[in-house]
There are 2 protein chains.
Amino acid sequence: MPAQPDEVDLIVRSWERERPDLDFAPLRVLSRVDRLSHQLDAARRAAFAEPGLEPWEFDVLASLRRAGAPFTLSPKTLLTQNLVSSGTMTNRIDRLVARGLVRRETDPNDGRGILVVMTAAGRDAVDAAISALLAAESQLLSAITEREQESLSILLRRLGVDSK
Amino acid sequence: MPAQPDEVDLIVRSWERERPDLDFAPLRVLSRVDRLSHQLDAARRAAFAEPGLEPWEFDVLASLRRAGAPFTLSPKTLLTQNLVSSGTMTNRIDRLVARGLVRRETDPNDGRGILVVMTAAGRDAVDAAISALLAAESQLLSAITEREQESLSILLRRLGVDSK
DNA sequence: CACTATTATCTCGACTTCGAGAGACTTTGG
DNA sequence: CCAAAGTCTCTCGAAGTCGAGATAATAGTG
């Protein structure tokens, strides 16, 4: 039935042979989501090699870039958007500061906090990286038509929205 | 336009405001793949809590379970199927042995190798876990119809197959 | 048969992440 | 205006992963 069987088809076939009492249909969707997510990781890593960024560096700089001028956010906002722990974000900011892509400033409105400000070098890097990322993602998606991409995004959004 | 906007819509909107010269359509698909993959991680972790397995434990035991009786594979096969490094697989086998879920045997046909054999306790655990996983995944997918799940899986398979 | 290349497993140090807790500051409620 | 509760950032130790290298055995070649 599959137009072109993939590894997930083989895995499901093995399961069905061993456990014919169960319905493995969910694996056909979600195991592929998992595998595609790994491919995306690899594609991102490759795309960021030229602008000289690690994926995590891009993630932090992208949050700052999207915030617009003056490209400033608190560590708290950054760790929430990037889904990492506070210790991880402290470590990431340290390394971005060491590379000269951001700097720390004191928050004039809150003595507990600081502000992370993207430097000009950081902005140059992230602007180059987002173009490379979009090219790489577009390449990954080129196996299906634009119309199919849109139905895909709509189905995926419904999976995210409803499972809150 | 979106039936129900999600965080990806907000991210794309920010990017479009800052970089109106770029087309962010690929993010609508692939950022959702990434987020769904994180939700799946969480769902798996929760589903395996009752049978008492960590996600990585399930992954290794599932490979052995799918292999069928006598539930035996080499470390090399396991690390290839699970996409981890050799050091990681050694470590995982060590811990599964300590928990009594697998045991190491010498390979009669290859003096370099060993065989990882799943114990009865391991089999019981993985058989309970796969049921729990399918229930959890089914729940995650309940936001869309079965017909939609099938078109989703077909589109996702084409993305994987062609990008080899 | 010897010799080289390949393969399998394990070791070990570097790296990253998490998350509980510390310390400093702010907010809330009487 | 004070005390308690809450919030923000950073510290630090535990845990998991990677990947190069060590060790040992097999496979291929002449």
Side-chain angles (χ1 to χ4, degrees), chain A residues 34 37-39 41-42 44-46 48-49 52-61 63-64 67 72-99 101-118, chain B residues 34 37-39 41-42 44-46 48-49 52-61 63-64 67 72-99 101-118:
Chain A
D34 194 43
S37 158
H38 279 111
Q39 287 183 239
D41 274 351
R44 281 165 55 91
R45 180 160 262 103
F48 296 148
L53 291 179
E54 296 295 314
W56 65 262
E57 292 178 307
F58 174 79
D59 289 337
V60 176
L61 295 178
S63 289
L64 292 164
T72 298
L73 292 172
S74 70
K76 177 67 172 177
T77 304
L78 287 169
L79 72 89
T80 302
Q81 285 191 17
N82 286 273
L83 305 174
V84 297
S85 68
S86 62
T88 298
M89 189 50 69
T90 297
N91 184 15
R92 290 184 174 188
I93 295 167
D94 286 347
R95 285 179 287 166
L96 287 170
V97 169
R99 285 202 55 189
L101 301 176
V102 306
R103 61 176 188 276
R104 279 187 173 91
E105 294 190 356
T106 60
D107 185 337
N109 300 320
D110 188 338
R112 296 166 298 181
I114 64 155
L115 294 176
V116 178
V117 185
M118 184 160 61
Chain B
D34 194 44
S37 158
H38 280 112
Q39 287 183 237
D41 274 351
R44 281 165 56 90
R45 180 161 262 105
F48 296 148
L53 292 179
E54 296 295 313
W56 65 263
E57 292 179 307
F58 173 81
D59 290 337
V60 176
L61 295 177
S63 290
L64 292 164
T72 297
L73 292 172
S74 69
K76 176 68 172 177
T77 305
L78 286 170
L79 72 89
T80 301
Q81 285 190 18
N82 286 270
L83 306 174
V84 297
S85 68
S86 62
T88 297
M89 189 50 70
T90 297
N91 183 18
R92 289 184 175 188
I93 295 167
D94 285 347
R95 284 178 287 166
L96 287 169
V97 168
R99 285 202 55 189
L101 301 176
V102 307
R103 60 176 188 277
R104 279 188 174 90
E105 295 190 355
T106 60
D107 185 337
N109 300 319
D110 189 336
R112 296 166 299 181
I114 64 156
L115 294 176
V116 179
V117 185
M118 184 160 60

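Every chain is numbered from 1, with letters handed out A, B, ... down the list of sequences.
Between Met89(A) atom CE and dT16(C) atom P the separation is 14 Å, expressed in whole Å. Going from atom CG of Asn91(B) over to atom C1' of dA14(C) covers 15 Å, rounded to whole Å. Rounded to a whole Å, the CD1 atom of Ile93(B) is 15 Å from the C1' atom of dT17(D). Rounding to whole angstrom units, NE2 of residue His38(A) and C1' of dT17(D) are separated by 12 Å. One can place CD of Glu54(A) at 8 Å from P of dT16(C), the figure rounded to the nearest angstrom. Separating the CG atom of Leu78(B) from the P atom of dC10(C) is a distance of 11 Å, rounded to the nearest angstrom. dG16(D) atom P lies 16 Å from atom CG of Asn82(B), rounded to whole Å. Nucleotide dC18(C) holds its P atom 10 Å from the CG atom of Leu79(A), rounded to whole Å.
With distances taken from any side-chain atom of Arg104(A) to the nucleotides dT9(C), dT17(C), dC10(D), the minimum falls on dC10(D). Listed candidates were dC18(D), dC10(C), dC18(C). Nearest to the side chain of Ile114(B) is dC10(C). For Arg95(B), whose side chain is taken as the heavy atoms from C-beta onward, the closest listed nucleotide among dA20(C), dT17(D), dT9(C) is dT17(D).
Within 6.0 Å of CZ in Arg45(B) there are 12 or fewer heavy atoms belonging to other residues, nucleotides or ligands.
Residue Met89(B) forms a side chain to side chain contact (heavy atoms under 4.5 Å, CB included) with just one option from Asn82(B), Val116(B), Asp94(B), and that option is Asn82(B). Screening Arg44(A), Arg92(A), Gln81(A) for a side-chain hydrogen bond (donor to acceptor under 3.5 Å, both in side chains) with Asp59(A), the sole residue that qualifies is Arg44(A).
Judged by distance alone, the side chains of Thr77(A) and Thr80(A) never bring a donor and an acceptor atom under 3.5 Å apart.
A donor and an acceptor atom sit less than 3.5 Å apart, one in the side chain of Arg112(A) and one in the base of dT7(D). Between the side chain of Thr88(A) and the base of dC18(C), no donor-acceptor pair of N or O atoms lies under 3.5 Å.
Sequence order on DNA chain C of the closest nucleotides to Thr77(B) and Ser85(A) puts Thr77(B) first from the 5' end. DNA chain C is contacted by both Arg92(A) and Asn109(A); Arg92(A) maps to the nucleotide lying nearer its 5′ end (nearest heavy atom per residue). Heavy-atom nearest nucleotides on DNA chain D were determined for Gly87(A) and for Asp110(A), and the one closer to the 5' end corresponds to Asp110(A).
If you take CD on Glu105(A) and CD1 on Ile114(A), they are separated by 9.5 Å, rounding to the nearest 0.5 Å.
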